[in-house]
Amino acid sequence: MGELAPDDNYFMERALSEAQKAEEAGDVPVGAVVVRDGIIIARAHNQRELLSDPTAHAEILALTQAASVVGTWRLIDCDLFVTKEPCPMCAGALINARIRRVVLGARDIKGGACGSVLNITNHPQLNHQVTVEDGILSDVCASILTSFFANKRRGARADEWDGLENR
C-alpha cells in the first residue's frame with residue numbers, strides 16, 4: 001500500500017512549528033511554509049526582532065526561499081500555508097510572486113489583507129488573484145497569538161505594548 005499524501009492540516013502543523021521558533025526568539029509567533037507538488041520547499045518564521053528588519057515577516061522570508069529553490073520569482077504552482085492572515089505588504093508579495101493559493105490559520109481582524117480588513121489577494125484590478133482558504137487549525141493558530149500578546153502585556157509597560165497586535 002502507498003503512503004497517504006500530506007494534507008492541509010499537515011502543512012499548517014509545519015507552519016505552526018515555525019511560529020513556535022518566532023515566539024522562542026521573542027517575535028510575534030507567525031510561521032509559513034511554501035508547498036510545491038506536495039513537498040515543502042521553503043519554511044520561515046517572523047524574524048523582525050532578530051534582523052531588526054520591518055520586512056522580515058514569515059511570508060516574505062518563505063517566498064524568498066521558495067523563489068531561490070524554484071529558480072524564478074514566479075511561484076505559480078506553489079501554495080503558502082501561514083498561521084496568521086498576511087498583512088498588506090505580505091499580501092502584495094503573494095500577488096507579485098503569483099502564488100496559487102494561500103491557506104490561513106488565524107484571521108487578522110485588525111490588519112489582515114486577505115479578506116478581513118482589505119482584500120488585496122483578490123482585488124479585481126490587480127493582474128493576479130490568489131485563492132484564499134481559511135479555517136485550517138485556526139483555533140490553535142489564534143491561541144498561540146492570543147497567548148503571546150497576553151504575555152507581552154503582562155510584562156510590558158503600557159506605552160511599550162500599545163498596538164502590539166498590529167504585528
Side-chain angles (χ1 to χ4, degrees), residues 2-50 55-66 69-70 75-95 97-122 129-154 164-167:
E3 202 175 302
L4 290 176
D7 64 2
D8 288 354
N9 285 339
Y10 171 84
F11 294 122
M12 189 60 75
E13 287 169 357
R14 304 292 78 77
L16 280 162
S17 292
E18 288 297 315
Q20 289 176 321
K21 293 176 186 175
E23 184 172 27
E24 290 166 6
D27 214 323
V28 177
V30 177
V33 298
V34 178
V35 176
R36 184 181 191 208
D37 298 327
I39 298 168
I40 296 173
I41 62 168
R43 57 182 76 226
H45 54 276
N46 273 2
Q47 294 186 43
R48 293 176 314 150
E49 299 299 333
L50 175 69
T55 68
H57 290 198
E59 302 93 313
I60 300 294
L61 298 171
L63 291 174
T64 300
Q65 286 178 28
V69 168
V70 173
L75 302 175
I76 58 173
D77 56 352
C78 296
D79 301 328
L80 177 82
F81 290 77
V82 61
T83 58
K84 181 182 179 191
E85 181 178 1
C87 70
M89 173 184 70
C90 294
L94 296 174
I95 296 296
R98 311 299 195 266
I99 284 287
R100 174 178 54 198
R101 177 174 76 126
V102 61
V103 180
L104 310 176
R107 284 284 183 174
D108 182 355
I109 61 168
K110 292 185 178 182
C114 295
S116 290
V117 175
L118 300 170
N119 196 354
I120 292 173
T121 49
N122 283 290
Q129 281 78 45
V130 178
T131 299
V132 176
E133 297 177 16
D134 65 355
I136 304 298
L137 300 178
S138 57
D139 290 344
V140 177
C141 294
S143 173
I144 289 171
L145 289 161
T146 301
S147 174
F148 175 81
F149 288 117
N151 289 337
K152 282 288 188 186
R153 285 187 194 102
R154 275 194 289 277
L164 270 179
E165 290 188 22
N166 291 330
R167 224 204 251 263

Any sub-3.5 Å donor-acceptor pair from [X]'s side-chain atoms to [Y]'s backbone N or O?
| X | Y | result |
| --- | --- | --- |
| Glu85 | Ser116 | yes |
| Arg107 | Cys114 | yes |
| Ser143 | Asp139 | no |
| Arg100 | Asp77 | yes |
| Asn46 | Ala22 | no |
| Asp134 | Gly105 | no |

Which atom pair, heavy atoms only, marks the closest approach of [X] to [Y]?
| X | Y | answer |
| --- | --- | --- |
| Pro88 | Gly111 | CD-O, 3.5 Å |
| Ala62 | Ala44 | N-CB, 3.6 Å |
| Leu75 | Leu63 | CD1-CD2, 3.8 Å |
| Cys87 | Glu59 | N-OE2, 4.5 Å |
| Val30 | Thr83 | CA-OG1, 3.3 Å |
| Ala91 | Thr121 | CB-CG2, 4.1 Å |

To the nearest 0.5 Å, what is the distance between [atom1] ([X]) and [atom2] ([Y])?
| X | Y | atom1 | atom2 | answer |
| --- | --- | --- | --- | --- |
| Leu61 | Cys90 | CG | SG | 8.5 Å |
| Arg153 | Phe148 | CZ | CZ | 10.5 Å |
| Asp79 | Ile40 | CG | CD1 | 11.5 Å |
| Ile144 | Leu137 | CD1 | CG | 9.5 Å |
| Ile60 | Met89 | CD1 | CE | 4.5 Å |
| Leu16 | Glu23 | CG | CD | 11.0 Å |

Legend entry - Pairs meeting criterion ring pair (Phe, Tyr, Trp, His ring centres under 6.0 Å) with involvement of residues 6-27, two or more places apart: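 As it turns out, the ring pair (Phe, Tyr, Trp, His ring centres under 6.0 Å) pairs with a partner in residues 6-27, which skip direct neighbours, are Phe11-Phe81.
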
Below 4.5 Å, heavy atoms only, C-beta onward: do [X] and [Y] meet side chain to side chain?
| X | Y | answer |
| --- | --- | --- |
| Gln65 | Val34 | no |
| Asn9 | Met12 | no |
| Val28 | Arg48 | yes |
| Cys141 | Val82 | no |
| Arg36 | Val69 | no |

Legend entry - Val70/Ile41 under side chain to side chain contact (heavy atoms under 4.5 Å, CB included): CA gap, chis, key distance, verdict: CA-CA 8 Å; Val70 173; Ile41 62 168; 3.7 Å; yes

Inset, instruction - Could you tell me whether Glu18 and Lys21 make a salt bridge, using a distance below 4.0 angstrom between a side-chain N and a carboxylate O? - result: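 Between Lys21 and Glu18 there is a salt bridge, with a charged N closer than 4.0 Å to a carboxylate O.
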
Legend entry - Identified side-chain contact (heavy atoms from CB on, under 4.5 Å) counterpart of Leu80 within the set Val102, Val33, Val35: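 Exactly one option meets the side-chain contact (heavy atoms from CB on, under 4.5 Å) with Leu80, and it is Val102.
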
Legend entry - Over 12 foreign heavy atoms within 6.0 Å of CD1, Ile76: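 No.
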
